Amino acid sequence: MSILPLKIEQNMYKNDPSSKSKGALSMGIPGELAGLYTIWLKYGRLPWKDLIQPSISLARSGFAVVPYLADAIKIKKDDILADHGMQEVFAPNGKLLLTNDTCYNPALASTLELISTEGPQAFYNGSIGENFIKDVRNAGGVASMEDLKKYTVKVTKPTVAKVMGFTILGMPPPSSGTVGMSLVLNILGSYKSLDSVKGLLGLHRLIEAFKHMLAFRMNLGDPDFVNIEEYVSDMLSPLFAQKLQQKIVDNTTFEPSYYMAKWSQLRDHGTSHLCIVDADRNAVSLTTTVNWYFGAGILSPSTGIVLNNEMDDFSMPAEVTPDHLPPAPANFIEPEKRPLSSMTPIIILKDDQLAGVMGASGGLNIIPAVVQVFLNHFILGMTPLSAVQHPRVFHKLIPNEVLYENFTAIDGEEIEFEEDAKLFLEQRGHVLQGLSTVGAVSQLIVHNLQEPVLSGRIKDKRKAKNGKSTFHGRLIAVSDPRKDGCPAGL
């Protein structure tokens, strides 16, 4: 996760609030490279250089622009053409790349080559970092080599949530994802039977649970800077969830004030997500981001690195909010602080065995997307593909609208919310608004615990710390058609 430069302050954006979301001042210190290297040091089997080589080849030899990327380039046309570095990569000779064109980034290839031999210090305390900072400064930023040198990876224990007979391992705050998912699922799980979450009435209850979660999550922030223990405890508590469930009325919905929202909703953006399970049933759920499409709208010409705009995920005291609620103090800007996010990378266990790996991209819509895919497969029994394909609903609390999917995916698939569901929700007072674009993109791997797979590689049946052998079942992977993705296996 990105972290703030030391010199970032609230009043930096006073004269130009847009610089918090666009341009070099919107950048947080990049953390992905350091994070991946830390993981590799502990768990990696292949040489570091070998892992980076495919990315070097893609950057130097080029890759075909897929339709989703072409759409993003079109959407951000003005930003791309306004920045020399962005234009060189995504609009060479002033012409925007289209589907099936080849995209090259030779500067990034050279950067990665040096990192593959020298490691992350080439960026955090070396020539790559010096060139990067020079480009950031030339673009009006304030980041320094001191910021890069001081960046440290914080390794924390996962947040553990017990929901509906499953154990979920996920990202702790400042992500609101795992605790947000826990609160929603525990609200639904507090009904007498899981049948209570089925059908159209179950959909109404799900939306109401989302609204309660959205109001409560804005109390969260970076735990290194604010005390959020009580809020986290409540969001993981079945008893707290039961109290909120008792506020849900089956024949009506309510105005936002009913859910006791105190703070303006963080409308975070972007992210990418991937899920991995290997032959030994080791699992990875990884969410990463530069925030908006193409981040800050600036590409460092000397390094090929796109600047993120993570500063936009913070709240500010003087911020003019679209929902007319005050900005959340727990998420105010401070040097070296990490912003609140909706990231929800999770690993799902059943009886201490791997049951699935999930996550999504899509900013504020991530938590609802992951919850719905989880419910669809693990509770309602849909196939993994149907669980991901099924039309979804979202909510932002303010405006008080249910957003439902109603569009054609890139691969031509029609994703359309059912008419009887619309009517049912409208009868309960929900205001509905159709989404003509992607709300969130999910990824899912299911580990079938009823279907063992025999392999010579796993005959040793190594035991986990709890003394149980690791079960090896059939793996089913689904990549969301909303982004025209497809799973891959070796």
Side-chain angles (χ1 to χ4, degrees), residues 1 156-191 197 205-248 254 256 258-268 285 287 313 315 325 328-331 338-349 358-360 363-375 378-379 394-398 440:
M1 179 178 284
T156 57
K157 292 182 179 180
T159 294
V160 180
K162 303 285 188 179
V163 293
M164 295 182 162
F166 293 86
T167 300
I168 290 176
L169 310 178
M171 187 176 174
S175 165
S176 60
T178 311
V179 291
M181 182 178 183
S182 169
L183 181 57
V184 171
L185 293 177
N186 276 325
I187 288 173
L188 298 177
S190 65
Y191 286 92
V197 304
R205 291 166 173 168
L206 174 66
I207 293 168
E208 292 299 290
F210 283 154
K211 294 171 78 172
H212 282 292
M213 178 273 294
L214 288 167
F216 203 78
R217 77 156 190 151
M218 289 312 301
N219 293 301
L220 301 174
D222 187 336
D224 286 347
F225 289 79
V226 289
N227 185 352
I228 58 171
E229 289 184 9
E230 182 178 351
Y231 301 119
V232 169
S233 178
D234 283 343
M235 295 181 81
L236 295 173
S237 166
L239 290 177
F240 182 78
Q242 186 174 20
K243 293 178 182 178
L244 294 181
Q245 179 261 312
Q246 291 169 357
K247 296 184 64 176
I248 295 176
F254 301 94
Y258 179 80
Y259 307 90
M260 296 188 294
K262 295 188 296 183
W263 313 115
S264 177
Q265 197 63 221
L266 173 68
R267 286 165 170 79
D268 43 338
S285 187
T287 307
D313 280 357
S315 307
L325 289 171
N331 196 41
R338 290 171 167 88
L340 182 65
S341 82
S342 300
M343 292 182 179
T344 317
I346 62 166
I347 294 173
I348 305 161
L349 306 180
M358 288 180 58
L364 180 61
N365 293 330
I366 291 175
I367 304 173
V370 174
V371 167
Q372 286 170 88
V373 174
F374 174 86
L375 287 171
F378 292 99
I379 305 303
F394 305 97
H395 214 289
K396 295 182 180 179
L397 195 58
I398 301 175

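Computed from a prediction, not measured in an experiment: that's the story for all the values here. Basis for what follows: all heavy atoms, side chains included, without hydrogens, waters or symmetry-related copies.
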Do the rings of Phe240 and Phe216 sit parallel, tilted or perpendicular, given the 30° and 60° boundaries?
tilted
Nearest 0.5 Å, what's the CD1-CG distance between Ile228 and Leu340?
8.5 Å
Would you check, one step at a time, whether the test side-chain contact (heavy atoms from CB on, under 4.5 Å) holds for Ile379 with Val197?
CA-CA 9 Å; Ile379 305 303; Val197 304; 4.1 Å; yes
Taking the six-membered ring for Trp, are the ring centroids of His395 and Phe210 within less than 6.0 Å of each other?
no
Shortest non-hydrogen separation from Thr156 to Pro172 and the atoms involved
OG1-CG, 3.4 Å
One pair to check against side-chain contact (heavy atoms from CB on, under 4.5 Å): Glu208 and Tyr259. What are the steps and the verdict?
CA-CA 9 Å; Glu208 292 299 290; Tyr259 307 90; 2.5 Å; yes
Verify, without hydrogens or angle tests, whether Ser175 (side chain) and Met343 (backbone) share a donor-acceptor contact under 3.5 angstrom.
yes
Heavy-atom nearest pair, Met218 first then Ala328, reads O-CB, 3.5 Å
Any side-chain heavy-atom pair of Val373 and Met358 under 4.5 Å:
yes
Can you find a pair of side-chain heavy atoms, one from Pro329 and one from Trp263, that are under 4.5 Å apart?
yes
Within the side chain of Asp222, is there an N or O that forms a donor-acceptor pair under 3.5 Å with the backbone of Arg338?
yes
Roughly how far, to the nearest 0.5 Å, is the CZ atom of Phe166 from the CD1 atom of Ile347?
15.0 Å
Leu183 vs Asp234 side-chain heavy atoms within contact, under 4.5 Å
no
Which atoms form the tightest heavy-atom contact between Ala241 and Ser190, and what is the distance?
O-OG, 4.3 Å
Verify, without hydrogens or angle tests, whether Thr167 (side chain) and Lys162 (backbone) share a donor-acceptor contact under 3.5 angstrom.
no
Under a 4.5 Å cut-off applied to non-hydrogen side-chain atoms, are Gln245 and Asn186 in contact?
no
Taking the side chain as everything from C-beta on, heavy atoms only, tell me whether Phe374 gets closer than 4.5 Å to Thr344.
no
Contact summary for Ala360 and Ala369, nearest pair of heavy atoms:
CB-CB, 4.3 Å
Heavy atoms from other residues, nucleotides or ligands near CD of Glu229 exceed 12 (cutoff 6.0 Å):
no
Which distance, rounded to the nearest 0.5 Å, do you find between the CG of Leu236 and the OG of Ser182?
4.5 Å
Can you tell if the side chain of Leu188 reaches within under 4.5 Å of the side chain of Leu375, non-hydrogen atoms only?
yes
Mind checking the NE2-CG spacing from His212 to Leu244? Nearest 0.5 Å is all I need.
5.5 Å
Are Leu185 and Ile168 packed together at the side-chain level, in the sense that at least one heavy-atom pair is separated by less than 4.5 angstrom?
yes
Do Met181 and Val370 make a side-chain contact, defined as non-hydrogen atoms from C-beta onward lying under 4.5 Å apart?
yes
Return yes when atom NZ of Lys247 has more than 12 non-hydrogen atoms of other residues, nucleotides or ligands closer than 6.0 Å, and no otherwise.
yes
Go through Gln372 and Leu206 one step at a time and tell me if the side-chain contact (heavy atoms from CB on, under 4.5 Å) criterion holds.
CA-CA 9 Å; Gln372 286 170 88; Leu206 174 66; 3.8 Å; yes
When rounded to the nearest 0.5 angstrom, what distance separates CG in Leu325 from CG in Leu397?
8.0 Å
Without hydrogens or angle criteria, can the side chains of Arg217 and Gln265 be said to hold a donor-acceptor pair below 3.5 Å?
yes
To the nearest 0.5 Å, tell me how far Ile248 CD1 sits from Tyr258 OH.
8.5 Å
For residues Pro368 and Phe394, report the shortest heavy-atom separation together with the two atoms involved.
CB-CD2, 3.8 Å
So which heavy atom on Met235 is nearest to which on Leu220, and how close?
SD-CD1, 4.0 Å
